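What follows is one structure encoded as structure tokens, with my remarks underneath.
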Amino acid sequence: MKQLLTAVIILTALTTQLHAATLEEKVVEHKMKNGMKLLLVERHTSPTVSAWIRFRVGSVDERSDERGIAHLLEHMLFKGTTTLGTKDFAAEKPLLDKIEEIAQALTVEKARHDKADVAKITGLEKQLASLEADASKYVIKDEFFELYSKNGGTGYNAFTSRDGTTYLISLPANKLELWAAIESDRLQNAVLREFYTERSVVMEERRRSYDADPESKLWETFVASSFLAHSYGQPTIGWMSDIENLTRTKAEQFFHSYYAPNNAIVAIVGDIDTKATIDMVERYFGAIKPGKEPPPVTTIEPKQSGERRIELVAEAEPTVIMGFHKPAIASPDDYVFDVINMILGSGRTSRFYKKLVIEKQVASDIGAFDAPGHRYPSMFVISANPRSPHTAREVEEAVQTELDLLKTVPVAKRDLQRILNKIEYEEARRMGTNGGLARNLTEYEATAGSWLYMTEHKSHIAKIVPEDIMRVAATYFTKENRTVGFITKKAGDK
């Protein structure tokens, strides 16, 4: 414990400006007239800056005919604009329009399945391939990346989740205006060129990373079985038939509706002058018109009233996943789940690791986490790999034993203090870099409703007592609220 406290003290000293007591003073909020929210933090430790843009639209916001569109758009928004990524947009555009006309006809014909005209499909596919080859002559590959890279940019990336979509970059502080120019251009003038080529790339990603990977397939099936009504149950990448039916027209409509300033949270952290940065962002983004807000997800997942079990037979190592429905982020019981997570599944000192991996040796690895999202009620998930010759069933029973202990045996107060210290350490560590702080600011502003969740989290955790843990464990860790998924080999047992 002394070592942990020393680590906390050292890390806090190195990142004094990020301590919860002063973070509220360091973060400057600025709301633009078009709805874009800026969160800025001056940190003059190095001449660098991290800029993150978080759009409050993810796969949970997709309609049934749009599944996978947010993820595909993540890919597409690296393709360029009317001025970037093209040698001659005026010559390219007619080809893009013709490509969309043929692709739409091809999508409609393929949707007829066994009634489709095979000859017509073959002809349309040939036309599409020819047009795409012609259009590719105008494409400048990866021009965004090259521009950033030549100007010292690092970590240029994006990711899509059920809760939102984020674009990020770190770069020298004197190149921040380049970021503003590129990203405002992308927001206003994005061109979804090479759409159908990229759609094929995503379909291959789906085949390789989900359909052909037993653990990913189990996870996807587990989540879909856990959410029968709520859109959290749908995979972010989309089902294969969803991806096959996405069109550029549909993607453009989704983009122009929701990827707009009023749905954007921008965090800029690093060697900046706050007022000058606000003025610069206003110059580049201020004239962009707001779009629509994604309609709220009004579907409420019905209360689970019985255990659900999913078995996947595959030539893979045995795996077991257990999940229990839990509240959304920032609800009172969610803070208790954060403590439970630290007790049970956080690292080699956790109960799961000590009991199941070291003492009983029924598992080779085990962890706990929240998934698949945070904005809406989600799941507390335990994932483990049985150690041969032990089975998934043995691991499941050992996990449930530990969960049941939380219902009846109070956690020692000294353990709660140790957890509080570790949470403080982990939070400080995650915010020790420009990118880490920018990520947390945008993440919590989008999912918890305010970045202040970061500063208030520790005080909520400090109020939790052993009786809270026992109550939450008894309420949620029940057989009726449990979903179990496992992999077994064809000739093996569970």
Side-chain angles (χ1 to χ4, degrees), residues 6-32 36-55 147-159 164 166-184 264-285 421-448 450-459:
T6 301
V8 172
I9 292 168
I10 292 172
L11 188 56
T12 303
L14 291 172
T15 58
T16 305
Q17 69 271 43
L18 295 180
H19 194 277
T22 60
L23 187 58
E24 290 175 335
E25 300 170 0
K26 293 291 181 179
V27 177
V28 175
E29 292 190 37
H30 177 74
K31 187 75 171 286
M32 295 167 59
M36 179 177 280
K37 189 163 193 178
L38 307 184
L39 302 172
L40 303 104
V41 180
E42 290 191 28
R43 299 182 69 199
H44 302 292
T45 53
S46 69
T48 59
V49 64
S50 290
W52 289 53
I53 303 178
R54 168 72 176 244
F55 293 100
L147 270 172
Y148 277 133
S149 183
K150 288 176 182 177
N151 286 276
T154 60
Y156 179 47
N157 210 338
F159 58 88
T166 302
Y167 293 84
L168 57 133
I169 182 74
S170 294
L171 65 170
N174 62 0
K175 298 298 181 180
L176 185 59
E177 189 163 1
L178 174 68
W179 165 86
I182 289 175
E183 299 305 325
S184 62
I265 302 161
V266 178
I268 302 174
V269 180
D271 190 18
I272 61 172
D273 176 277
T274 298
K275 184 180 183 306
T277 300
I278 290 173
D279 291 343
M280 182 193 67
V281 175
E282 285 278 8
R283 286 199 309 274
Y284 281 95
F285 292 88
N421 294 338
K422 190 169 184 180
I423 285 175
E424 181 177 344
Y425 167 72
E426 290 295 334
E427 289 178 350
R429 182 183 61 81
R430 285 196 300 270
M431 294 188 290
T433 63
N434 292 343
L437 179 54
R439 174 171 186 148
N440 284 344
L441 288 170
T442 53
E443 172 74 14
Y444 293 125
E445 181 70 26
T447 59
S450 172
W451 63 268
L452 288 169
Y453 174 90
M454 297 160 57
T455 68
E456 298 164 355
H457 183 258
K458 182 185 172 184
S459 64

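Here the structure is a predicted model, which means the values were calculated and not measured. Heavy atoms only: backbone and side chains are in, while hydrogens, waters and symmetry mates are out.
The shortest heavy-atom contact between Pro47 and Asp271 is CA-OD2, 3.4 Å. Taking all atoms of both residues into account, the shortest heavy-atom contact from Ile272 to His44 is O-CE1, 3.2 Å. The shortest non-hydrogen separation linking Asn151 to Lys175 is OD1-NZ, 3.2 Å. For Arg43 against Gly432, the heavy-atom pair with the smallest separation is NH2-O, 3.3 Å. Here the shortest heavy-atom pairing between Gly152 and Pro172 reads O-CD, 3.4 Å.
For Ser46, the side chain to side chain donor-acceptor pair (under 3.5 Å) criterion is met by Thr48, not counting sequence neighbours. Residues passing the side chain to side chain contact (heavy atoms under 4.5 Å, CB included) test with Asn440, sequence neighbours excluded: Arg430, Met431, Tyr444, Met454. Checked against side chain to side chain donor-acceptor pair (under 3.5 Å), Asn157 has no partners two or more places apart in sequence or in another chain. In this structure, the side chain to side chain donor-acceptor pair (under 3.5 Å) partners of Ser50, at least two apart in sequence or on a different chain, are Ser170. Residues passing the salt bridge (charged side-chain N to carboxylate O under 4.0 Å, His left out) test with Glu177 are Arg283, sequence neighbours excluded. For the salt bridge (charged side-chain N to carboxylate O under 4.0 Å, His left out) test, no residue two or more places apart in sequence or in another chain qualifies with Asp273. Taking the salt bridge (charged side-chain N to carboxylate O under 4.0 Å, His left out) definition, one finds that Lys37 meets it with Glu29, Glu445, sequence neighbours left out. In this view, Thr274 and Glu42 satisfy the side chain to side chain donor-acceptor pair (under 3.5 Å) rule, not counting sequence neighbours. With sequence neighbours left out, the side chain to side chain contact (heavy atoms under 4.5 Å, CB included) criterion links Ala180 to Met280, Tyr284, Phe285.
Residues Met36 and Ile53 fail the side-chain proximity criterion, which asks for heavy atoms closer than 4.5 Å. Contact check for Ile169 versus Tyr148: side-chain heavy atoms found under the 4.5 Å cut-off. A heavy-atom distance below 4.5 Å is not found between the side chains of Val281 and Leu40. Residues Leu437 and Val41 have side chains in contact (heavy-atom distance under 4.5 Å, counting atoms from C-beta outward). Contact check for Leu176 versus Thr277: side-chain heavy atoms found under the 4.5 Å cut-off. Proximity of Trp451 to Leu39: side-chain heavy atoms (C-beta onward) are separated by under 4.5 Å at one or more points. Considering only heavy atoms from C-beta on, His30 comes within 4.5 Å of Glu282 through its side chain. Side-chain contact between Leu168 and Arg439 is absent, with no heavy atoms from C-beta onward closer than 4.5 Å.
In this structure a side-chain-to-backbone donor-acceptor pair under 3.5 Å is missing from Ser450 to Tyr453.
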Show your working on side-chain contact (heavy atoms from CB on, under 4.5 Å) between Lys458 and Ile423 and close with a plain yes or no. CA-CA 8 Å; Lys458 182 185 172 184; Ile423 285 175; 5.7 Å; no
Show your reasoning for whether side-chain contact (heavy atoms from CB on, under 4.5 Å) applies to Thr166 and Phe55. CA-CA 6 Å; Thr166 302; Phe55 293 100; over 6 Å; no
Quick one: do Ile265 and Thr442 satisfy side-chain contact (heavy atoms from CB on, under 4.5 Å)? Show the steps, please. CA-CA 6 Å; Ile265 302 161; Thr442 53; 4.1 Å; yes
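Going from atom CH2 of Trp52 over to atom CG of Leu441 covers 10.5 Å, rounded to the nearest 0.5 Å. Between Leu23 atom CG and Lys26 atom NZ the span is 10.0 Å, to the nearest 0.5 Å. Atom CG of residue Leu171 and atom CD1 of residue Ile182 lie 9.0 Å apart, to the nearest 0.5 angstrom.
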